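What follows is a set of notes on a single structure, which appears directly below.
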Amino acid sequence: MQNFTPFSALIGGAMIGLGAILMYALIGRVAGISGIASNAIFSRQGRSWRLAFVLGLLLGPLLVAATLGDFTYSTPPLDWRVVVAGLLVGLGTGWGAGCTSGHGICGIGRFSPRSLVATLIFMLVGMLVASLVHGGLI
């Protein structure tokens, strides 16, 4: 997070919220990334808009980087914890019928009790795991 500023976070959050509102208003769909990505691969119905959405997710950061002239990008090293975490996130998304974006951004915005509970669980588990990892216990 070398380039983080409150202003960039505010603009990014506003753009995510605007995108979720437009998607719900224009096509009546919740912008849950896991469901969109899954159905882009496994469902024939509505595949084109889902693929366009996923493509936009991939191309958006590249467009911003090209505009700002900053092409630096890094990821944490891949080890067994990252693989296990990814699998657990996938399982949790399936069991929770949605991911952070679907429940946290769109569901809470629609006052869904299920999304509020799901988001609280995501956040609590995330804080617990981060504490364990940074405390050297995992």
Side-chain angles (χ1 to χ4, degrees):
M1 274 203 212
Q2 297 170 344
N3 299 326
F4 174 79
T5 65
F7 183 71
S8 65
L10 178 66
I11 296 297
M15 291 180 74
I16 290 171
L18 180 62
I21 289 170
L22 285 175
M23 189 165 167
Y24 194 74
L26 295 176
I27 62 173
R29 297 284 186 165
V30 172
I33 307 306
S34 59
I36 292 171
S38 174
N39 285 318
I41 297 169
F42 299 112
S43 176
R44 289 184 180 265
Q45 188 175 11
R47 179 178 280 172
S48 59
W49 73 263
R50 289 182 174 101
L51 287 173
F53 189 92
V54 172
L55 188 62
L57 288 176
L58 298 173
L59 294 179
L62 294 175
L63 179 64
V64 170
T67 303
L68 299 177
D70 180 11
F71 284 85
T72 58
Y73 181 76
S74 66
T75 61
L78 183 64
D79 66 12
W80 69 270
R81 295 178 299 181
V82 174
V83 174
V84 170
L87 292 172
L88 290 174
V89 168
L91 287 173
T93 297
W95 289 338
C99 60
T100 314
S101 60
H103 285 298
I105 296 169
C106 300
I108 288 178
R110 295 181 309 136
F111 303 110
S112 165
R114 183 179 79 163
S115 292
L116 179 62
V117 171
T119 304
L120 286 173
I121 292 171
F122 297 156
M123 299 306 290
L124 290 174
V125 172
M127 287 189 278
L128 174 67
V129 170
S131 297
L132 292 173
V133 169
H134 291 290
L137 298 175
I138 296 180

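Bear in mind that the values here come from a model prediction, so they are computed numbers and not experimental data.
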Notebook entry, point to check: Can you tell if the side chain of L59 reaches within under 4.5 Å of the side chain of L63, non-hydrogen atoms only?
Noted result: no
Notebook entry, point to check: Out of curiosity, I33 CD1 to S38 OG, how far, rounded to the nearest 0.5 Å?
Noted result: 12.5 Å
Notebook entry, point to check: Same cluster or not: are L128 and V133 linked, directly or through other Ile, Leu, Val, Met, Phe, Trp or Tyr residues, by side-chain heavy atoms under 4.5 angstrom apart?
Noted result: yes
Check: Any donor and acceptor pair, going by atom type alone, linking the side chain of R47 with main-chain N or O of I41 inside 3.5 Å?
Finding: yes
Next item on the list: Look up atom CZ in R81 and atom CG in L88, then write down how far apart they are to the nearest 0.5 Å.
Entry: 13.5 Å
Checklist line | Minimum side-chain heavy-atom gap V82-D79 below 4.5 Å | finding: yes
Next item on the list: Can you measure from OG (S48) to CG (L55) and round to the nearest 0.5 angstrom?
Entry: 12.0 Å
Next item on the list: Could you grab the distance from atom CG of L26 to atom CH2 of W49, nearest 0.5 Å is fine?
Entry: 11.5 Å
Notebook entry, point to check: Roughly how far, to the nearest 0.5 Å, is the CD1 atom of I11 from the OG1 atom of T5?
Noted result: 9.0 Å
Next item on the list: Taking H103 for its side chain and F122 for its backbone only, find out whether a donor-acceptor pair lies under 3.5 Å.
Entry: no
Check: If we only count heavy atoms from C-beta on, is the I36 to R29 side-chain gap below 4.5 Å?
Finding: no
Check: Would I108 and I16 show up in the same hydrophobic cluster when neighbours are defined by side-chain heavy atoms closer than 4.5 Å?
Finding: no
Item checked: Shortest non-hydrogen contact between A40 and L51, atoms and distance -> CB-CD2, 3.9 Å
